[in-house]
Asks: 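Structure provided below as C-alpha cells; questions to follow.
First the proteins, then the strands, lettered A, B, ... as listed; each starts at 1. Just so you know, these numbers use all the heavy atoms, side chains as well, and skip hydrogens, waters and symmetry mates.
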Amino acid sequence: MPQTHPTRTGVVSTLKRESVTLGSFASSESPENWEKVLEGIRHMRSSEDAPVDSVGCEKAGSSLPPKERRFAVLAGTLLSSQTKDHVTHGKFLFLSKNLPVCFHDSEGIMSGAVQRLLENGLLDPYSIEKADEDTIKNLIYPVGFYTRKASNLKKVANICILKYNGDIPSSLEQLLELPGIGPKIAHLVLHIAWNDVQGICVDTHVHRICNRLGWVTRPGTNQKTKSPEETREALQKWLPKEEWVSINPLLVGFGQTICAPLRPRCGVCQINSLCPSAFKEAPRPSSKSKKSVREKLE
DNA sequence: ATCCCGGTCT
DNA sequence: AGACCCGGAT
C-alpha cells in the first residue's frame, strides 16, 4: 500500500509545555511529549523485571536453513497467537538473527509445544501436511485454541507447499490470506522471517497503552481507537519508523509490570504526569467486597 | 468455583 | 458479537 508516513515529524520545533495534553492533536502530527513518554517508559523498563525480558527462551529452529527457518517462524508464531504467551513476541524481535523462534517460557507451554513439534520433525510444511491432525493436536495440546491451530497449521502447510514451494509468503497480503494469520501475526512474521518492517505489531498492550496515553484517536475525532488495527494505522501516522519495531516489546513489558489492563500502577509510573489517563481508571470493576479499601496505594 | 484472558474467524 | 481454548488469577 502507499507509504504515506510523514516520518519527518516536527518534534524539535514545537515549544514544550509542561501541561498534560488531553490526547488531541492534529492528524499526522505527533502527540505532545511523546519522546519524553517513550524515554520515561524505557527508563522504567530498564529497572523493572518484566516477564517479556526473562531469558526463558527456546531456540527451536535456530540451526535450520533459511527456508525451513522461515516456516518454523510462521508455525511457531501461529501457535503462540491468541495465547498469553503472545505477549512475548516482542522478545524474539530482538533475537531474530540467531534465534528465530523464541518464546517466553514462564509456563513452559509454548516452548514445550514448539519443541515437541521440532523433536517429532513436525516443524516443516511437508511433515505437517503428512502428519495426522490429531498428532499435531496432542503435541501442541496445552496451548489455547489448539484444535483450531492444528487445523490451521495443516492448511498453512498445504498452502505453503502448493503456492510457495514449501516457503512462506513474503508479502503482507499473502500472509494475511493464510488461515489463522491476522494483521498482528502477519506483521510479526514479516519482520522476523523476512526482516521486513511494514507495520507496527499491535497487540492488546500496545492498543490499550496507546489509548491511555492519548497517542491514537479515531480519524477525525478525539475518541479512542476501537480496534488494534485502528490503533496501528493511527500510530503509524506519526510514530517514526525507527520506533516501529521497538515499540512492541517496550509497551508489552510496560503493560505487564505497570500499565496493567486493570489496576494500572499509576502511583509508581514515572510518566503519570504526562499521561491523560493517570489515576482515572475505575478502581474496582466488580466490587462485592466492602473491605480492601486501602490496600493498593503504593 | 468462577471469571478472565486474547488474535482470528464467522 | 460470539466461538474458539487453555491456564492463571481471584
Side-chain angles (χ1 to χ4, degrees), chain A residues 50-52 54 56 73-93 103-117 133-134 136-156 159 169 172-192 199-211 225-233 235 248-249 251-253 255-257 259-265 281-293 295-296:
Chain A
V52 70
S54 71
V73 169
L74 178 57
T77 309
L78 179 58
L79 283 187
S80 73
S81 166
Q82 298 144 254
T83 310
K84 289 193 176 180
D85 289 305
H86 86 283
V87 298
T88 66
H89 285 172
K91 186 60 180 179
F92 68 101
L93 295 181
F103 300 100
H104 178 241
D105 194 17
S106 60
E107 309 305 324
I109 294 172
M110 270 313 304
S111 61
V114 174
Q115 194 162 9
R116 262 171 278 158
L117 284 179
E133 195 167 309
D134 286 334
I136 299 176
K137 266 172 66 173
N138 291 333
L139 288 173
I140 68 174
Y141 162 67
V143 306
F145 312 114
Y146 63 95
T147 303
R148 183 163 301 246
K149 284 174 183 172
S151 168
N152 285 340
L153 199 52
K154 280 194 69 83
K155 288 176 186 163
V156 165
I159 294 171
L172 185 66
E173 291 74 16
Q174 290 169 325
L175 283 169
L176 288 170
E177 291 172 1
L178 303 176
I181 305 290
K184 191 217 164 181
I185 301 300
H187 282 290
L188 185 65
V189 169
L190 198 59
H191 174 226
I192 301 301
I200 298 171
C201 190
V202 175
D203 57 28
T204 55
H205 291 283
V206 177
H207 179 57
R208 175 185 72 254
I209 294 170
C210 284
N211 275 291
T225 55
K226 193 178 165 293
S227 68
E229 268 299 272
E230 274 188 8
T231 298
R232 188 181 60 77
E233 287 169 3
L235 194 56
N248 179 282
L251 294 191
V252 166
Q256 287 174 331
T257 57
C259 199
L262 64 121
R263 272 201 242 165
R265 302 163 61 198
E281 210 60 32
R284 291 293 181 273
S286 63
S287 64
K288 270 189 184 173
S289 64
K290 13 196 124 176
K291 51 183 186 176
S292 78
V293 177
E295 44 188 318
K296 295 296 189 289

Asks: Check nucleotides 8-10 of chain B against the protein and report each pair of N or O atoms closer than 3.5 Å, with its distance, or say if there are none.
Replies:
unit_1 : atom_1 : unit_2   : atom_2 : d
B:dT8  : OP1    : A:Gly182 : N      : 2.8
B:dT8  : OP1    : A:Gly182 : O      : 3.0
B:dT8  : OP1    : A:Lys184 : N      : 3.4
B:dT8  : OP1    : A:Ile185 : N      : 3.0
B:dT8  : OP2    : A:Pro183 : N      : 3.4
B:dT8  : OP2    : A:Lys184 : N      : 3.4
B:dT8  : O5'    : A:Gly182 : N      : 3.3
B:dC9  : OP1    : A:Leu178 : O      : 3.4
B:dC9  : OP1    : A:Gly180 : N      : 2.7
B:dC9  : OP1    : A:Ile181 : N      : 3.4

Asks: When you measure from the side chain of A:Lys137 to the backbone of A:Thr147, do you find a donor-acceptor pair of N or O atoms at a distance under 3.5 Å?
Replies: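 No: the side chain of A:Lys137 does not pair with the backbone of A:Thr147.
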Asks: What pattern of brackets, bars and dots sums up DNA chain B from 5' to 3', given Watson-Crick or G-U wobble pairs under 3.5 Å, [ ] for crossing pairs and | for another strand?
Replies: ||||.|||||
Asks: Out of A:Lys149, A:Arg148, A:Lys155, A:Lys154, which residue meets the side-chain contact (heavy atoms from CB on, under 4.5 Å) rule with A:Ser151?
Replies: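 Of the listed options, the one satisfying the test is A:Lys155.
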Asks: Distance check needed: B:dC5 P versus A:Gln256 CD, whole Å only.
Replies: 15 Å
Asks: Considering only atom P, compute the distance from C:dG7 to B:dT8 and round it to an integer number of Å.
Replies: 22 Å
Asks: Quick one: A:Arg208 CZ to B:dC5 P, roughly how many Å, whole number?
Replies: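 That distance rounds to 10 Å.
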Asks: Hey, is the main chain of A:Ala260 close enough, under 3.5 Å, to the side chain of A:Arg265 for a donor-acceptor pair?
Replies: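 Checked: no pair found.
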Asks: So, does A:Arg232 use its side chain to make a donor-acceptor pair with the main chain of A:Val202 at under 3.5 Å?
Replies: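 Between the backbone of A:Val202 and the side chain of A:Arg232 there is no qualifying donor-acceptor contact (under 3.5 Å).
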Asks: Looking only at atom types and distance, does a side-chain atom of A:Asn211 sit under 3.5 Å from a main-chain N or O of A:Thr225, one as donor and one as acceptor?
Replies: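 It does hold such a pair.
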Asks: To the nearest Å, how far apart are A:Glu229 CD and B:dG6 P?
Replies: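 Going from A:Glu229 (CD) to B:dG6 (P), I get 17 Å.
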Asks: CD1 of A:Ile209 versus P of B:dG6: gap in Å, rounded?
Replies: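 Taking atom P of B:dG6 as the reference, CD1 of A:Ile209 is at 11 Å.
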Asks: Measure from NZ on A:Lys149 to C1' on C:dG7 and round the result to the nearest Å.
Replies: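 Distance check: A:Lys149 NZ to C:dG7 C1' gives 12 Å.
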Asks: Base, sugar-phosphate, or nothing for A:Tyr146, non-hydrogen atoms under 4.0 angstrom?
Replies: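 Since only primed, P, OP1 and OP2 atoms lie under 4.0 Å of A:Tyr146, the category is sugar-phosphate.
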Asks: Roughly how many Å is it from CD1 in A:Ile140 to C1' in C:dG7, rounded to a whole number?
Replies: 15 Å
Asks: Check the pair A:Leu117, A:Leu79 against side-chain contact (heavy atoms from CB on, under 4.5 Å), reporting the backbone distance first and the verdict last.
Replies: CA-CA 11 Å; A:Leu117 284 179; A:Leu79 283 187; 3.5 Å; yes
Asks: Between A:Asn248 and A:Ile200, is the side-chain contact (heavy atoms from CB on, under 4.5 Å) condition met? List the steps.
Replies: CA-CA 8 Å; A:Asn248 179 282; A:Ile200 298 171; 5.7 Å; no
Asks: Does A:Thr204 place a side-chain N or O at less than 4.0 Å from the phosphate oxygens OP1/OP2 of B:dG6?
Replies: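 So the side chain of A:Thr204 is within the cut-off, an N or O lying under 4.0 Å from OP1 or OP2 of B:dG6.
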Asks: How long is the line joining CG of A:Leu262 and P of B:dC3, in whole Å?
Replies: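 A:Leu262 atom CG is separated from B:dC3 atom P by 16 Å.
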Asks: Show your working on side-chain contact (heavy atoms from CB on, under 4.5 Å) between A:Thr77 and A:Ile192 and close with a plain yes or no.
Replies: CA-CA 10 Å; A:Thr77 309; A:Ile192 301 301; 5.9 Å; no
Asks: Distance check, P atoms only: C:dG2 and B:dC4, in whole angstrom units.
Replies: 14 Å
Asks: Roughly how far, to the nearest 0.5 Å, is CG of A:Asp203 from NE2 of A:His187?
Replies: 13.0 Å
Asks: Would you measure the distance from the P atom in C:dA3 across to the matching atom in B:dC3 and give it in whole Å?
Replies: 15 Å
